[in-house]
Amino acid sequence: MADCIFCKIVAKEIPAQILYEDKDVISFRDINPMAPVHLLIIPKQHYQDLNTAAPADECLLGHILAVAQKLAVEQGIAESGYRVVANNGLNAGQIVDHLHFHLIGGHLLPDFA
Ligand code: 5GP
Ligand code: ZN
């Protein structure tokens, strides 16, 4: 989608520290990390948020969680603990309108408000 920063990362039009990529999914480091490990895992196809995913996308959504698990192991945070978070819409503070899952860990994370 035009003017979507994450679509531009998918298209390699802007740089990112990519840690994982397959035909459907890409993962890269968050530009403003809130923890020692802070990755974003996104579908390559543009979805605004989870609301725009359909039942036919269940396999893709499950695959994203499997990629999160694999990256947590690779990043050494699987045993110490980590969070997988998708912000959806205004009240959740979603800033980038391309569905993404944060993988966050590496230190004790604050309680949710
Ligand atoms: P949201 O609040 O939408 O869930 O979070 C968007 C995340 O994307 C933020 O943590 C922000 O730091 C990250 N981000 C925004 N722009 C870029 C970018 O150009 N490159 C990378 N790697 N991360 C970005
Ligand atoms: Zn996009």
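Nothing here was measured: the structure is a model prediction, and the numbers come from that model. Note that ligands are numbered from 1 as they come in the structure, with each ligand's atoms numbered from 1 the same way.
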Do [X] and [Y] come close enough that some side-chain heavy atom pair is under 4.5 Å?
{"X": "Leu39", "Y": "Leu19", "answer": "yes"}
{"X": "Val84", "Y": "His102", "answer": "no"}
{"X": "Leu71", "Y": "Val37", "answer": "no"}
{"X": "Val25", "Y": "Lys44", "answer": "no"}

Q: Measure centre to centre between the rings of Phe6 and Phe28, then say whether the value is under 6.0 Å.
A: yes

May I have a table of the N/O to N/O pairs between ligand 1 and the protein that fall below 3.5 Å, each row giving the two atom names and the distance to 0.1 Å?
residue  : atom   : partner : partner atom : Å
ligand 1 : 2 (O)  : Gly93   : O            : 2.9
ligand 1 : 2 (O)  : Ile95   : N            : 3.4
ligand 1 : 3 (O)  : Ile95   : N            : 2.6
ligand 1 : 3 (O)  : Val96   : N            : 2.9
ligand 1 : 3 (O)  : His100  : NE2          : 3.0
ligand 1 : 4 (O)  : Asn87   : ND2          : 2.9
ligand 1 : 4 (O)  : His100  : NE2          : 2.7
ligand 1 : 4 (O)  : His102  : NE2          : 2.8
ligand 1 : 5 (O)  : His100  : NE2          : 3.3
ligand 1 : 5 (O)  : His102  : NE2          : 3.4
ligand 1 : 10 (O) : Asp30   : OD1          : 3.2
ligand 1 : 10 (O) : Asp30   : OD2          : 2.5
ligand 1 : 12 (O) : Asp30   : OD1          : 2.5
ligand 1 : 22 (N) : Arg29   : O            : 2.9
ligand 1 : 22 (N) : Ile31   : N            : 3.4
ligand 1 : 23 (N) : Ile31   : N            : 3.2

Q) What does the angle at the Zn ion (ligand 2) come to, between atom SG of Cys4 and atom ND1 of His46, rounded to 10°? A)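 Output for this angle: 110°, rounded to tens.
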
Q) What is the SG(Cys7)-the Zn ion (ligand 2)-ND1(His98) angle, to the nearest 10 degrees? A)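 Angle SG(Cys7)-the Zn ion (ligand 2)-ND1(His98): 110°, rounded to 10°.
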
**Q.** Arg83 NZ/CZ over Phe112 ring centroid, <6.0 Å and within 45° of normal
**A.**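 Cation-pi check for Arg83 and Phe112: passes.
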
Q. To the nearest 0.5 Å, how far apart are CG in Leu103 and CG in Leu40?
A. 9.0 Å

